[in-house]
Amino acid sequence: KETKEQLIIDAGQKHFGATMCKSCGMIYIASSPGDELQHVQHHYRFLEGIKYTGWKKERVVAEFWDGKIVLVLPHDPSYAIRKVEDVQELVDNELGFHQVVPRCPNKTKTFLFISDEKRVVGCLIAEPIKQAFRVLSEPTGPESPSSKECHRAWQCSNVPEPAVCGISRIWVFRLKRRKRIARRLVDTLRNCFMFGCFLKIDEIAFSDPTPDGKLFATKYCNT
Ligand code: ACO
Ligand code: ZN
């Protein structure tokens, strides 16, 4: 009911500029009927996708004042796998990834950050890797023409370095960003990826990072 109210309030303010929905985080032009329709469609699908009802057998690997991290493994019950698939679909949509098939689906580890409001507000998907290529340089020019293709074209070394764990996706719900959720997901991953050891920073690698992903990774790896 809280979300419906929000929709009416948003639709009532006839904005000409962009608005951000306070429940689903989508940015849209409230005065444009096409945008409004797209928002309504996204709104319910998204909130349904991140809804977390709680599972009988959940693997809680970390607990915090504002939520907890649950680990899902490939052979977990189908309700857990289905939730992971739903969340991954939302994430891939936002990242513009299409049908990226994991290299070893039976070795994938998915970490979900569950908020106190029983929502999946963070997701990290990791897989074992053997090597990675270091990113060499920063993109050139201040705010260079920012097409998506440009952003992904970081220069990488062609010398492979040994690595253990690849982060294929990391995502935090737009309205929960900059609350150290991504940082806590990576810390938990390092602690849980291999039994009995805490992975070193240079044993993990971020695959194909977005601009946000690179800003986060740079900061994380230097602290
Ligand atoms: N701009 C600048 N610095 C940033 C940003 C940013 N957008 N995001 C994180 N940082 C840095 C900050 O220094 C931050 O610390 P501070 O807030 O104290 O300054 C530090 O990283 C830790 O950030 P967190 O709060 O832990 O990061 P957050 O929970 O906001 O999640 C994430 C970061 C996952 C990149 C989020 O912005 C997101 O989901 N973005 C959209 C999806 C995306 O692009 N994901 C990465 C894809 S790449 C991949 O999956 C391999
Ligand atoms: Zn919305």
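For the numbers below, each heavy atom of this structure counts, side chains included, while hydrogens, waters and symmetry mates do not. From a predicted model like this one, the values you see are computed outputs, not experimental measurements. In listed order, ligands and their atoms are each counted from 1.
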Trainee: With atoms numbered from 1 as shown, which atoms in ligand 1 lie under 4.0 angstrom from a non-hydrogen atom of Lys179?
Mentor: 25 (O)

Trainee: Return the residue, atom name and 0.1 Å-rounded distance of the protein heavy atom closest to atom 6 (C) of ligand 1.
Mentor: Arg178 NH1, 3.5 Å

Trainee: Where does Arg184 meet ligand 1, judged by heavy-atom distances below 4.0 Å: at the side chain, the backbone, both, or neither?
Mentor: neither

Trainee: Given Phe173, which of Phe46, Phe113, Tyr52 fulfils the ring-ring contact (aromatic ring centres under 6.0 Å, His included) condition?
Mentor: Phe46

Trainee: In chain order, what residues pass the side-chain contact (heavy atoms from CB on, under 4.5 Å) check against Arg180, with sequence neighbours excluded?
Mentor: Arg183, Arg184

Trainee: Please identify which atoms of ligand 1 are closer than 4.0 Å to at least one heavy atom of Arg169.
Mentor: 50 (O)

Trainee: Among protein heavy atoms, which sits nearest to atom 23 (O) of ligand 1, and what does the distance come to when rounded to 0.1 Å?
Mentor: Phe216 CD1, 3.6 Å

Trainee: Please confirm if an N, O or S atom belonging to His42, backbone or side chain, lies less than 2.8 Å from the Zn ion (ligand 2).
Mentor: no

Trainee: Identify which one of His42, His43, Glu36 satisfies the side-chain hydrogen bond (donor to acceptor under 3.5 Å, both in side chains) criterion when paired with His39.
Mentor: His43

Trainee: State, to 0.1 Å, how close Arg190 and Leu199 come at their nearest heavy-atom pair, and which atoms those are.
Mentor: NE-O, 2.8 Å

Trainee: For atom 41 (C) of ligand 1, what's the nearest protein heavy-atom neighbour? Residue, atom name and distance, please.
Mentor: Arg177 NH2, 3.4 Å

Trainee: Would you give the length of the straight line joining atom CE of Met26 to atom CD of Gln41, rounded to the nearest 0.5 angstrom?
Mentor: 9.0 Å

Trainee: Within the structure, is a non-hydrogen atom of Ala217 found at a distance of less than 4.0 Å from ligand 1?
Mentor: no

Trainee: Could you tell me the angle subtended at the Zn ion (ligand 2) by SG of Cys21 and SG of Cys24, rounded to 10°?
Mentor: 110°

Trainee: Rounded to the nearest 0.5 Å, how far apart are CG of Leu189 and CD1 of Ile125?
Mentor: 12.0 Å

Trainee: In the protein, what heavy atom is nearest to atom 32 (C) of ligand 1, and what distance, to one decimal place, separates them?
Mentor: Ala182 CB, 4.5 Å

Trainee: So, of the N/O/S atoms that His43 has, which is the nearest one to the Zn ion (ligand 2)?
Mentor: ND1

Trainee: In terms of atom number and element, which parts of ligand 1 are under 4.0 angstrom from non-hydrogen atoms of Lys219?
Mentor: 11 (C), 12 (C), 13 (O), 20 (C), 21 (O)

Trainee: Salt bridge (Lys or Arg N to Asp or Glu O under 4.0 Å) between Glu48 and Lys51: does it pass, once the steps are laid out?
Mentor: CA-CA 5 Å; Glu48 195 54 36; Lys51 190 157 93 188; 3.4 Å; yes

Trainee: Quick one: look up the protein heavy atom nearest atom 25 (O) of ligand 1 and list residue, atom name and how far away it is.
Mentor: Arg180 N, 2.8 Å

Trainee: Tell me, which protein residue and heavy-atom name are nearest atom 47 (C) of ligand 1, and how many Å apart are they?
Mentor: Thr210 OG1, 3.3 Å

Trainee: Name the closest protein heavy atom to atom 50 (O) of ligand 1, giving the residue it belongs to and the distance to 0.1 Å.
Mentor: Ile170 N, 2.9 Å

Trainee: Within ligand 1, which atoms have a heavy atom of Pro209 less than 4.0 Å away?
Mentor: 48 (S)

